[in-house]
Structure formats: C-alpha cells, structure tokens
Amino acid sequence: MCETTVAAMAGKPVLYYWDARGRMECIRWLLAAAGVEFEEKFIETPADMEKLIKDGRLMFQQVPMVEIDGMTLVQTRAILNYIATKYNLYGKDAKERALIDMYTEGILDLSEMMLQVVISLPEQREAKISLVKEKTKNRYLPAYEKVLKSHGQDYLVGNRLTKVDIHLLELLLYVEELDSSLLAPFPLLKALKSRISSLPNVKKFLQPGSQRKPPPDMKRIEEARKAFKF
Amino acid sequence: MREVHSTYNVKITRDSITEEAQQQLKAEESGPAQRTSTGLSENQTIAGMAGKPVLHYFDGRGRMESIRWLLAAAGVEFEEKFLKTRDDLERLRNDGSLMFQQAPMVEIDGMKLVQTRAILNYIATKYNLSGKDMKERAIIDMYTEGVMDLDEMVLCHPYIPKEEKEGNLAKIKDKARNRYFPAYEKVLKSHGQDYLVGNRLSSVDIYLVKLLYHVEELDPSALTNFPLLKALRTRVSNLPNVKKFLQPGSPRKPLEDEKCVETAMKIFH
C-alpha cells in the first residue's frame, strides 16, 4: 500500500510536478474539464526531486506523478486514461475508445514536438519551430478538420464530449500562441475551439487565477536545465 | 447499416490482396469516421472482412512488432501486407488510409487504426488482456508506458547512425539495468504472483517479455540480476500461443539487419 498524503485521502488528486506546463498540463486540463478539484505540490529544487525518488514514489524516477484513489500513478497516458474512464470521458465502447486513442496519440505526437522546442538548446530552436509549424499545417490540423467534416458533429467522437476534445482544445491554443495564422484555414477546428472553450468547467479554467500554467519563460527553463541537468 | 460493396472482380489469394481489389476498394473519401458504429468502412479489404486483422508495415520489427506479439499471444490469426517501396507508402497515404500519413496501420473490425497504442489498447480490450477494472487498467498502463519508453530506445537502435550506435547501446544498457528492470523485478517481488497485474495474464506481461528478449539480444547479460523477470519470461514463453509464436516460421521478425534497415529508410525517410 503506497503512501498517501492527507489531501489524497480526502479525495482530491494531488499532482507532483514543476510549476510549469510540461507534461502535466494536459492532466490539469482534463481534471478541470471533468470538474475535479486538485492540489499541486511543486518541485522547486533538485532536493525535492531526490526526496520523491528516495521515498520510492516514482516508479521510473520521473514525474508527472499523481496520487489518486489510493494509487501513486506515473506516466502521463496512464494518468489521463484513468481520469477519463472515471469521469466518463472515454467513449461508450471499445471502438469509440480506439478512435479516441488514435486521435489522442496524434495530438500527443505534436505536443511532444512542441515540448522539444521548449526544452531544446537555444541553437536548435529555430529548426524545431519550423518543423512544428510544418507538421501542424500539413499533417495534424488537416487530419482533425477532416474528422469533424466527415460527421458534422460537435465533438470528435461519439457526438459527445470526450477527453480528446479537451486535448485538442489545449493543442489549438498552443498552436495559436505559436502562430495564430496556422488556424486560419480550419473553420471547423475554430468552431470546436469556441464551443469547448464555452463549456462551464473549461471556461472557468481559462480564466485568470485558475491552475492553468502560462507559456514557458525561457529564462526559467535555462535555470531549470542547469539545476536538473536536462 | 451501410452496405458493403460486393460487385468487384477479385482473385482472392491466400495471403494477399490483388491490385484489382485494391483499386476497386478505393473510396473517394475515407477515414475512420466514415461509418456508423455498426457498419463496415467502405475500404475494408477481403481479409479484413473475413475477420482477420490486416497489418500494414514493412517486413521488419519497428513499431509493429508489439502488435504482432499481442495478437499472437491472444491467439488471433492475422495477415500482413508488407510495404516494400516508397510508392507503397504513398499509395496508402493517397488512399486516405493513414490518418497521420504514418504506419503501422491495422485494419480491424471495420476500422483503419493507426498509432501503436490505439491499436494495442483495442486488441487488449477485445481479448480481455487489459485487467478487470479501471484501477488494474491504470497499473497496466503505467507499467506499459515504462516498457514503451525503454522499447523506444531498443527499436530505434538498428536505425541509429553507425557513429552513435555505441553511445545508444550504453544508454539502453544503463536504463534497462538501473531503471526499468529493477522496477519490474520489484513489482513481481512485491506480490509474488505469476503475472504483473491482477494475478493473471495481461497485455503488459507480453510487452515486457518481448522487451526482455530484445534487450538480451543487445546485452546478453542484462537479465543476470533479475531472477523474477527471467521466471516471468519462461512462464509466459511456455503459454501455448506464445510458444508457437516463438518458433521458426511464425510472423515474429528477427533483429533488423543492414538490408532491412536500408529498406525501411527508403520507404519512410
């Protein structure tokens, strides 16, 4: 039986990560969209990280880690899938789940490229940004626009909100931060973006003062790089 | 329910679909969303309709090998359509068969699925290899992701440029022996059961056993200090479906040699 903090025993998930988007942000989004309150414990120094490792709470010595329902879960997808299942955001059957997974994986592939831009060495950054823009424009956005066009429904899968709509909204906001003209040729994606943004839980999360994290601060990244050696 | 085209003129060979069939099954607009929840997609191949999954990839391990292992372990017969040239890939792309223009792609139950995890999750669920409830599923997912992180290094190794190979191998050895294998040995030690999760076979036992074989190919003494992992591997290897898959003549692919790497690079890069 793993250790659980008081907060976790009270029922709220507890998120362990840096005070940054990184690989935890999609989890914050999903919890928020599901209307689930959560606590955060921020890693600030290498000592914080070492303690988590020494206490045996990180199965692979990595974060994100989330304490939820008596489990100490690591690995972004494991955490997302559990939350989605628990809060009915994972489709109605195996086939819907397969589509949700397929669409989610595409989003995660592009998100990974975006993350690489943030953590890459400054001299590599420009090339990586070009790659992200190219893939966004020519591979990923067209694929999701095509899905929406094919069924004409308000959500990507099964005519109701699922986790992948939330993942996609988050991604579209990052695309917009990178270059707002990228979204211009995709009317259905723009409509989805508006629609999901207007859902009460999402709307609340988009407002200042929520647990949503701001765009990365390059200075902080370089400091973290030195301290945590990545 | 949507009608399936039945008027095409095809020669059905045992293991492959002819060019004619491919042409006639081409739909104007295709994609996974193009059907009702009970209907068949318009470009389902004959093998797909006969019930067998069809795997589209090159004749090598790459990112398809985990899928081959899982299907085999589940006792599911499947067909393979091997990409041999860049044109083969472009044809699939132009057909609209690849949501992100990438393979692996698996035709299964009326869907054209891409993305390894989506495919694996569907197969695992269908054949009862994803635990009994959502908490077991969470643990299975967590363990699976660790396996896939190490496997990513392993499956890329044949494709790493010559001058970087030694460094990559050192990385694999370090991560396998110091991070991943200890984590799974610890799991097995903690409950003393025959399988990683829920005291019965699940998808992650299969993925881990495959990984153990593949790491050992690159680092022969990698498993020395992990008796419970070795025991798991033996146990899983003796399951009838897995035993069969491990024998020569099965769809299991060997470690990529230079020729195989060259073919893959030609197709995908």
Side-chain angles (χ1 to χ4, degrees), chain A residues 1-2 56 58-62 65-66 68-87 90-110 135 138-140 142-144 146-153 156-159, chain B residues 29-38 93 96 98-102 105-106 108-128 130 133-150 175 178-180 182-184 186-187 190 204:
Chain A
M1 172 75 167
C2 56
L58 305 180
M59 184 172 179
F60 307 109
Q61 294 85 54
Q62 297 165 319
M65 184 269 274
V66 174
I68 183 168
D69 298 341
M71 297 180 292
T72 303
L73 286 183
V74 296
Q75 293 289 352
T76 309
R77 286 171 177 86
I79 297 164
L80 288 171
N81 291 351
Y82 181 76
I83 295 164
T85 302
K86 182 174 179 183
Y87 296 100
Y90 213 166
K92 72 180 202 295
D93 57 28
K95 281 193 169 188
E96 281 197 355
R97 241 181 350 255
L99 295 185
I100 289 166
D101 282 347
M102 178 165 61
Y103 300 171
T104 296
E105 288 299 303
I107 291 168
L108 290 176
D109 280 352
L110 185 57
K135 293 290 178 216
N138 298 324
R139 172 172 288 184
Y140 292 101
Y144 296 102
K146 182 177 173 182
V147 168
L148 292 172
K149 187 168 186 193
S150 74
H151 56 53
Q153 291 167 4
L156 283 164
V157 179
N159 206 15
Chain B
E29 176 86 343
S30 72
Q34 279 291 97
R35 68 187 151 32
T36 67
S37 59
T38 54
R93 285 173 167 174
L98 308 178
M99 183 171 180
F100 306 110
Q101 322 317 322
Q102 299 163 319
M105 187 270 277
V106 173
I108 183 168
D109 297 342
M111 301 179 289
K112 287 193 173 181
L113 287 183
V114 296
Q115 294 289 349
T116 311
R117 286 171 178 86
I119 298 163
L120 290 170
N121 288 350
Y122 182 76
I123 295 164
T125 302
K126 182 173 180 178
Y127 295 100
N128 281 310
S130 61
D133 58 30
M134 66 180 176
K135 278 194 169 185
E136 279 196 357
R137 167 100 199 252
I139 306 297
I140 288 168
D141 281 350
M142 175 165 67
Y143 296 174
T144 296
E145 289 299 303
V147 169
M148 289 192 164
D149 280 350
L150 181 58
K175 292 287 181 233
N178 298 322
R179 170 173 287 179
Y180 294 101
Y184 297 106
K186 183 177 171 184
V187 167
S190 76
V204 68

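Residue numbering restarts at 1 for every chain, and letters A, B, ... go by the order of the sequence lines. Bear in mind that the values here come from a model prediction, so they are computed numbers and not experimental data.
- Put simply, the side chain of Thr144(B) does not reach to within 4.5 Å of the side chain of Gln75(A), judged on heavy atoms.
- With a threshold of 4.5 angstrom between heavy atoms, Gln62(A) approaches chain B through side-chain atoms but not through N, CA, C or O.
- Closest non-hydrogen pair, Ala78(A) versus Ala138(B), comes out as CB-O, 3.8 Å.
- Asn159(A) meets the side-chain hydrogen bond (donor to acceptor under 3.5 Å, both in side chains) test with no other residue; sequence neighbours excluded.
- In this structure, the side chains of Asp109(A) and Gln115(B) come closer than 4.5 Å at one or more pairs of heavy atoms.
- Interface residue Lys86(A): backbone and side-chain heavy atoms are both found under 4.5 Å from chain B.
- To the nearest 0.5 Å, the span separating CG on Leu120(B) from CG on Asp101(A) amounts to 10.0 Å.
- To the nearest 0.5 Å, atoms CG (Leu99(A)) and CG (Leu113(B)) are separated by 7.0 Å.
- The line from NZ of Lys95(A) to OG1 of Thr125(B) is 13.5 Å long, rounded to the nearest 0.5 Å.
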Worked check of side chain to side chain contact (heavy atoms under 4.5 Å, CB included) between Tyr90(A) and Met134(B): CA-CA 12 Å; Tyr90(A) 213 166; Met134(B) 66 180 176; over 6 Å; no

Please walk me through it: do Asn121(B) and Arg97(A) pass side chain to side chain contact (heavy atoms under 4.5 Å, CB included)? CA-CA 9 Å; Asn121(B) 288 350; Arg97(A) 241 181 350 255; over 6 Å; no

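- At a cut-off of 3.5 Å, with distance as the only test, no side-chain donor of Gln101(B) or Asn138(A) sits close to an acceptor on the other residue.
- Contact between Gly106(A) and Phe100(B) at its shortest, heavy atoms only, is CA-CZ, 3.6 Å.
- Between Tyr144(A) and Met99(B), the closest side-chain pair of non-hydrogen atoms falls below 4.5 Å.
- Here Arg117(B) is the residue among Lys135(B), Gln102(B), Arg137(B), Arg117(B) with the most heavy-atom pairs under 4.5 Å with chain A.
- Nearest approach of Phe60(A) to Gly146(B), heavy atoms of both residues: CZ-CA, 3.6 Å.
- Residues Tyr122(B) and Met102(A) have side chains not in contact (no heavy-atom distance under 4.5 Å, counting atoms from C-beta outward).
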